[in-house]
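Below is one structure, written out as structure tokens; the observations come after it.
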Amino acid sequence: MSSEVRVRFAPSPTGMLHVGGARTALFNWLYARHMGGKFLLRIEDTDRARHVEEAVQVIVDGLRWLGLDWDEGPEVGGDCGPYFQSERGAVYERYLERLQAAGAVYVGEDGATRFRLPRKPLEFGDMVRGRIFVDRGKSTTPSGDPEPDMTIRRADGSWIFHFVNVVDDAEMRVTHVIRGEDHLSNTPKHIELYEALGLPVPRFGHIPLILNRDGSKMSKRDQGASITAYMEQGYVPAAVRNYLCLLGWSPKDDREKMDLAEVVERFDPANINRKAAHFDLDKCNWLNWQYLVAMSVEEFTDASLPWIERAGIAYGSRAALLPVVALIKEKIKQLPEVPGWIDYFFTEDYAYDPEAELKTLAKPGARDRLVQLEAAYQAVEAWDAAALELQLKATAVQQACKPAEFIHPARVAVSGRAVGPSLYHMLEVLGRDRVLARFQKTLERLALRGV
RNA sequence: GACCCUAUCGUCCAGUGGCCUAGGACACUCCCCUUUCACGGGAGUAACACGGGUUCGAAUCCCGUUAGGGUCGCCA
């Protein structure tokens, strides 16, 4: 029991869940699951003023969306709570007393409490980087002065991150601190705090940061930075999770698409890259598409339903939607594209793309071929893709034309656009009545325009 | 400025002294397939930052340089 791995994700509620943070959470979660340990979520809202309910919700929603669950933390509780720093003041007081008893802290003239830095050489093993040695006496400020003692509590009584972070990790019996590389240089200070407190020092693992594609620092507004944005843009959660797994870690073979269970089984922090990763939305999009392709028509339909509804398409019922979605599924790279591909199946009031109209409908002979095809289709017995194809080709032979000369005008006539699914299948799904009516409507439209 | 980390195609990874005339994926280019758009198939462009060592042999080990990142807060 005492050897159980306990890791945590400890974000501060800033109002967004950053991809870097999400990946840190993911790697912690993977390690916990791989080791059969526990994954905790702790909100670092050092004081009441920082505690913003909606900001916490963003984190909770984002993690859940990615498929990460926590064994202890907000909404699930646990033995080491509360899991909000804003509610842990009494704990910090207790630990501060320990530091005072050891003579490790003093109150400055300004009223702030400071921790006396030992400034001794120090070494620790990092799970991803190996041994790290730091001669603490050599650290200076930008102006060249020796590193000043660390403030752990402000004059107003509120606490500073480094102190509460260490105290909470100890109190919550965290065994492995896996966090961003931005904390690597803070680690010696934290170890000094653990030692002054007489607490066991956890293992540390620092994962590289995620940079923009061009190598610049990724800020909140950069493309791809916010998990909420993926949620809103219809990404498949598993795809984003998959992409994040591959950013700095690899299964060591050539696989790209991997399910979670597989990653859990193979995950090893020692194999995390030490180099900062550059975020590449193209690859993320490609993976997302891979997940879309792998879906059944039913799954795909359900996943696109929110976008279809948001677009106000009167699709009637899910049953009516299925055959249409089946038709266009393979064309879609991103879920929000779905409405644009299916709208004309559910309204007779579809728009004609001016360019398509000009290029195919207005072409010499197009009108005549539409008339010929309409006549031929009126006579078709079984209204299915195979029969429609045969009939169209026969008509083409009769008129000494290429099938394409019928296909293109027919597509535009029936959908208003030049691109779409396979014509015959589209006609089948649309049904005889609607197809014939649309031919007729298009012919009238052409007559009106003097074509 | 000091300290710490890092350095393989544009990007993500593989490579842990010989299997590397460096492999896969994304992106890009070209060709084929094709009723449009996609898909698919095939081909291609493209990298070991630089300089010294060590070694019979180095992308792999060591040192230096350069470059990038991080930290040095009464932010987290």
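In the text below, chain A, chain B and the rest are named by the order of the sequence lines, each starting its count at 1.
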| message | Does A/A277 reach a base, just sugar-phosphate, or nothing at all? Heavy atoms under 4.0 Å. | response | sugar-phosphate

| task | Would you please say whether a donor-acceptor pair under 3.5 Å links the side chains of A/Y106 and A/D149? | result | yes

| Under-3.5 Å donor-acceptor pair between A/R411 side chain and B/U35 base | yes

| query | Any donor-acceptor pair under 3.5 Å joining the side chain of A/S185 to the base of B/G70? | reply | yes

| Of all the nucleotides listed (B/A38, B/G69, B/C26), which has the minimum atom distance to the side chain of A/K333? | B/A38

| The side chain of A/I132 lies closest to which of these nucleotides: B/G70, B/C5, B/C72? | B/C5

| field | Pairwise P distance for B/C9 and B/U55, with rounding to whole Å | value | 30 Å

| task | Have a look at A/E256 and say if it touches a base, only the backbone sugar-phosphate, or nothing, with a 4.0 Å heavy-atom cut-off. | result | base

| request: Give A/H206 one of three labels, base, sugar-phosphate or nothing, depending on what nucleic acid heavy atoms sit under 4.0 Å from its own. | output: nothing

| message | Counting the atoms with a prime plus P, OP1 and OP2 as sugar-phosphate, which does A/G420 contact under 4.0 Å by heavy atoms, base, sugar-phosphate, or nothing? | response | base

| message | Any base atoms under 4.0 Å from A/P142, or only sugar-phosphate, or nothing? Heavy atoms, all strands. | response | base

| said: Heavy atoms only, 4.0 Å cut-off, all strands: where does A/T140 land among base, sugar-phosphate and nothing? | reply: base

| Any side-chain N or O of A/R154 less than 4.0 Å from the OP1 or OP2 oxygen of B/C75? | yes

| query | Do the side-chain N or O atoms of A/T46 get closer than 4.0 angstrom to the phosphate oxygens (OP1, OP2) of B/A76? | reply | yes

| said: Categorize A/K189 for me: base, sugar-phosphate, or nothing, with a 4.0 angstrom heavy-atom threshold over every strand shown. | reply: sugar-phosphate

| field | Of the listed nucleotides B/C74, B/A38, B/A76, the one nearest the side chain of A/H183 | value | B/A76

| field | Any donor-acceptor N or O pair under 3.5 Å, side chains A/D384, A/Y424 | value | no

| task | Side chain of A/D282 only, please: which of B/G69, B/A27, B/C72 is the nearest? | result | B/A27

| query | Out of B/A7, B/C74, B/G1, which has the shortest distance to the side chain of A/K275? | reply | B/A7

| request: Would you indicate, yes or no, if B/U11 has its OP1 or OP2 atom less than 4.0 angstrom from a side-chain nitrogen or oxygen of A/K283? | output: no

| said: As a quick check of understanding, evaluate side chain to side chain donor-acceptor pair (under 3.5 Å) for A/H51 and A/E53, giving each step before the final call. | reply: CA-CA 6 Å; A/H51 183 91; A/E53 209 54 59; 3.1 Å; yes

| Any A/T151 side-chain N or O less than 4.0 Å from OP1/OP2 of B/C74 | yes

| Separation of A/R266 atom CZ from B/A14 atom P, in whole Å? | 13 Å

| Aromatic contact, A/Y352 with A/Y344 (centres under 6.0 Å) | no

| task | Determine the contact category for A/N186: base if any of its heavy atoms lies under 4.0 Å from a base atom, sugar-phosphate if only primed atoms, P, OP1 or OP2 are that close, otherwise nothing. | result | base

| message | Counting distance alone, no hydrogens or angles: does the base of B/C37 have a donor or acceptor under 3.5 Å from a partner atom on the side chain of A/K331? | response | yes

| Between A/N273 and A/H162, which is nearer to the 5' end of RNA chain B once each is assigned its nearest nucleotide? | A/N273

| task | Return the nearest nucleotide to the side chain of A/D254; candidates are B/G24, B/C75, B/U11. | result | B/G24

| message | Please classify the nucleic acid contact of A/G108 as base, sugar-phosphate, or nothing, using heavy-atom distances under 4.0 Å. | response | nothing

| No-hydrogen, no-angle side-chain donor-acceptor test under 3.5 Å, A/R411 and A/S415 | no

| note | Of the listed B/U35, B/C4, B/C26, the closest approach to the A/V134 side chain comes from B/C4

| task | Using atom CG of A/N271 as one end and atom C1' of B/U16 as the other, report the distance to the nearest whole Å. | result | 11 Å

| query | Does a salt bridge link A/R154 with A/D156, judged by any charged N lying under 4.0 Å from a carboxylate O? | reply | no

| query | Distance between the P atoms of B/A22 and B/C48, in whole angstroms? | reply | 11 Å

| In whole angstrom, what separates A/D182's CG from B/G73's P? | 15 Å

| Nucleotide nearest A/V419 when distance is taken to its side chain, options B/U36, B/G24, B/U11 | B/U36

| query | Is the shortest side-chain N to carboxylate O distance from A/E171 to A/R94 below 4.0 Å? | reply | yes

| note | In whole angstroms, the gap separating C1' of B/C75 from CG of A/D47 amounts to 11 Å

| message | Considering every strand and a 4.0 Å limit on heavy-atom distances, what is the contact class for A/F279: base, sugar-phosphate, or nothing? | response | nothing

| A/M295 CE to B/C39 P: how many Å, rounded? | 18 Å

| said: Within the 4.0 Å heavy-atom criterion, would you say A/R114 contacts the bases, only the backbone, or no part of the nucleic acid? | reply: base

| Looking just at side-chain N and O atoms, do A/T395 and A/Y377 make a donor-acceptor pair shorter than 3.5 Å? | no

| said: Between the base of B/A2 and the side chain of A/K138, is there a donor and acceptor pair under 3.5 angstrom? | reply: no

| Which residue lies more 5' along RNA chain B, comparing A/G144 with A/R50 via nearest heavy atoms | A/G144

| How is A/R274 classified with respect to the nucleic acid when contacts are heavy atoms under 4.0 Å: base, sugar-phosphate, or nothing? | sugar-phosphate

| query | Whole-Å distance between B/C37 C1' and A/H425 NE2? | reply | 16 Å

| message | Using a heavy-atom cut-off of 4.0 Å across all strands, would you classify A/L246 as base, sugar-phosphate, or nothing? | response | sugar-phosphate

| request: Identify whether any heavy atom of A/S158 sits under 4.0 Å from a base atom; if not, whether one sits that close to sugar-phosphate; answer base, sugar-phosphate or nothing. | output: nothing

| So which nucleotide from B/A14, B/C26, B/C39 ends up closest to the side chain of A/K252? | B/A14

| request: Name the pairing partner of B/C48, where a pair is Watson-Crick or G-U wobble with both distances under 3.5 Å, or state none. | output: none

| task | Using whole Å, report how far CD1 of A/I272 lies from P of B/C5. | result | 18 Å

| said: Looking at A/R116 and A/E192, is any side-chain nitrogen of the basic one under 4.0 Å from a carboxylate oxygen of the acidic one? | reply: no

| task | Calculate the interatomic distance between A/I210 atom CD1 and B/U11 atom C1'; express it in whole Å. | result | 13 Å

